[in-house]
Participant: 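Here it is, the structure in full.
Numbers here are sequence positions counted from 1. Remember, it's a predicted structure, so these values are computed and weren't measured experimentally.
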Amino acid sequence: MELHIQSEFDCIYMINGEFYERADSLKMSEYDVVYITVLPLKFSLLPYTVKLIGTENLNTDLALGIRLSSDHYLLALSPRYLIVYGGTPKPVPPKSHIARLFSFVKSDDLSAAYAMLSDELKSGIDKPTLSAFFGPYERLIECPWEHGSKFYLIDKNGVARLHAYALKNEFIDDIAECD
């Protein structure tokens, strides 16, 4: 089974006592106990450790662990801030097209989300339908280990569904659930 670790910030990992600069595809048994210590490269973030017990789902403030399929387990990590005084940190804006679209839909900025679609897709979908499509999902995780532009949509129960999208002239032209 492959363990994919994605973080929202620059860091290195210590996994069961060994250092890793990247951990987007590591081999593990589905029965292993794995300790992942996250060492942020930014001074305003604090390190922390996550314990994975096999491939059971994990959902904490800092880590989301989901078994995506029989061959893939994802651990998504959030930053742990050191806040003494001041406001809350600003989230990092998503970089990919599909992550930005999801972010716009979830923040109810449907005009910005709709502007990211190609004319062909706009002709077949309206704003309420776009909102309803992403409505049941709480998180989007991209899959750099998959071929093509694939991503998982994850609902509140931790169920992950694989999807793919296509771009045409820098606009999202198609979104489809994969079998």
Side-chain angles (χ1 to χ4, degrees), residues 1-83 88-89 91-103 105-106 133-166 174-179:
M1 169 172 290
E2 289 186 49
L3 168 64
H4 307 283
I5 302 175
Q6 294 181 349
S7 60
E8 300 173 7
F9 52 96
D10 291 330
C11 63
I12 57 173
Y13 310 98
M14 187 168 57
I15 302 170
N16 287 348
E18 294 184 34
F19 286 99
Y20 292 85
E21 191 172 328
R22 293 182 49 201
D24 37 350
S25 188
L26 303 171
K27 296 289 184 196
M28 68 177 266
S29 165
E30 63 183 286
Y31 306 107
D32 287 348
V33 175
V34 180
Y35 292 90
I36 298 123
T37 300
V38 184
L39 303 166
L41 298 178
K42 191 173 184 183
F43 73 91
S44 62
L45 300 177
L46 296 174
Y48 61 93
T49 300
V50 176
K51 179 182 178 182
L52 295 180
I53 302 172
T55 55
E56 66 184 30
N57 286 354
L58 171 75
N59 193 357
T60 68
D61 291 339
L62 298 173
L64 174 70
I66 296 177
R67 185 158 187 176
L68 299 172
S69 68
S70 60
D71 297 328
H72 299 280
Y73 185 89
L74 172 76
L75 180 64
L77 303 171
S78 298
R80 181 177 174 211
Y81 292 97
L82 170 64
I83 300 177
T88 57
V92 177
K95 295 179 183 173
S96 74
H97 288 79
I98 197 67
R100 280 198 320 261
L101 177 70
F102 184 77
S103 176
V105 170
K106 291 315 248 181
F133 177 78
F134 288 110
Y137 302 106
E138 293 189 346
R139 194 171 194 137
L140 179 141
I141 301 292
E142 295 185 72
C143 308
W145 60 89
E146 294 279 348
H147 296 293
S149 300
K150 294 187 179 175
F151 62 97
Y152 281 95
L153 287 174
I154 301 166
D155 69 15
K156 67 179 179 177
N157 298 319
V159 176
R161 301 195 191 288
L162 184 63
H163 291 74
Y165 71 99
D174 188 28
I175 302 171
E177 187 169 357
C178 301
D179 294 330

Participant: With the side chain counted from C-beta on, respond yes when F133 and I175 share a heavy-atom pair under 4.5 Å apart, and no when they do not.
Facilitator: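 The answer is yes; the side chains approach within 4.5 Å.
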
Participant: How close do C11 and L41 get, counting heavy atoms only, and between which atoms?
Facilitator: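 Scanning both residues, the minimum pair turns out to be CA-CG, 3.8 Å.
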
Participant: Does the side chain of C143 reach to within under 4.5 Å of the side chain of L162, using non-hydrogen atoms?
Facilitator: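 In contact.
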
Participant: Indicate the atoms forming the closest heavy-atom contact of I66 with A160, along with that distance.
Facilitator: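 Scanning both residues completely, I find the closest heavy atoms to be CG2-CB, 4.3 Å.
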
Participant: To the nearest 0.5 Å, tell me how far E142 CD sits from Y165 OH.
Facilitator: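 With rounding to 0.5 Å, CD (E142) is 5.5 Å from OH (Y165).
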
Participant: I5 pairs by side-chain contact (heavy atoms from CB on, under 4.5 Å) with which of L75, V34, L74?
Facilitator: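 Only one option passes, and that is L75.
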
Participant: Which heavy atom of F9 sits nearest a heavy atom of S7, and at what distance?
Facilitator: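 What the structure gives for the nearest pair is O-OG, 2.8 Å.
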
Participant: What distance separates F19 CZ from T37 OG1, expressed to the nearest 0.5 Å?
Facilitator: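 Output value for this atom pair is 8.5 Å.
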
Participant: Please give me the minimum heavy-atom distance between C178 and K150, naming the atom from each residue.
Facilitator: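 Taking every non-hydrogen atom into account, SG-CE, 4.3 Å.
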
Participant: So, the side chain of R100 versus the backbone of S103: is there a donor-acceptor pair under 3.5 Å, distance only?
Facilitator: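 No; judged by distance alone, with no hydrogens or angles, the pair does not exist.
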
Participant: Within the supplied structure, the quantity of interest is the number of heavy atoms (other residues, nucleotides, ligands) at a distance under 6.0 Å from E177 CD; does it exceed 12?
Facilitator: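 Buried by this count: over 12 neighbours within 6.0 Å.
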
Participant: Below 4.5 Å, heavy atoms only, C-beta onward: do V50 and Y13 meet side chain to side chain?
Facilitator: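 No, too far: nothing below the 4.5 Å cut-off.
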
Participant: With the side chain counted from C-beta on, respond yes when K51 and V33 share a heavy-atom pair under 4.5 Å apart, and no when they do not.
Facilitator: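 Contact flag for K51/V33 side chains = yes.
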
Participant: Using a strict cut-off of less than 4.0 Å between a Lys/Arg side-chain nitrogen and an Asp/Glu carboxylate oxygen, indicate whether E8 and R139 qualify as a salt bridge.
Facilitator: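 Salt bridge present between E8 and R139.
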
Participant: What's the spacing between I98 CD1 and L140 CG if we round to 0.5 Å?
Facilitator: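 Reported value, rounded in 0.5 Å steps: 6.5 Å.
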
Participant: So K27 and E2, do their side chains get closer than 4.5 Å, heavy atoms only?
Facilitator: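 The answer is yes, as the side chains (C-beta and beyond) meet within the 4.5 Å cut-off.
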
Participant: For the side chain of N16 and the backbone of Y35, is there at least one donor-acceptor N/O pair under 3.5 Å apart?
Facilitator: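 Present.
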
Participant: For the ring pair F102 and H163, is the centre-to-centre distance below 6.0 Å?
Facilitator: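 They do not qualify: ring centres at least 6.0 Å apart.
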
Participant: State the CG-CG distance between D32 and L3, to the nearest 0.5 angstrom.
Facilitator: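 D32 CG to L3 CG: 10.0 Å, rounded to 0.5 Å.
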
Participant: Take atom CG in D61; do more than 12 heavy atoms of anything else shown fall under 6.0 Å from it?
Facilitator: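 Open.
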
Participant: Rounded to the nearest 0.5 Å, what separation is found between the CG atom of L77 and the OH atom of Y48?
Facilitator: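 Between atom CG of L77 and atom OH of Y48 there are 4.0 Å.
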
Participant: Determine whether L52 and Y73 make a side-chain contact, defined as any pair of heavy atoms from C-beta on separated by less than 4.5 Å.
Facilitator: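 Counting from C-beta outward, L52 and Y73 do come under 4.5 Å.
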
Participant: Please check: side-chain N/O of R80 versus main-chain N/O of P47, any donor-acceptor pairing under 3.5 Å?
Facilitator: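 Yes, the answer is positive, given that a donor and an acceptor are paired below the 3.5 Å cut-off.
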
Participant: If you round to the nearest 0.5 Å, how far is CG of D155 from CD of E138?
Facilitator: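 The distance works out to 7.5 Å.
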
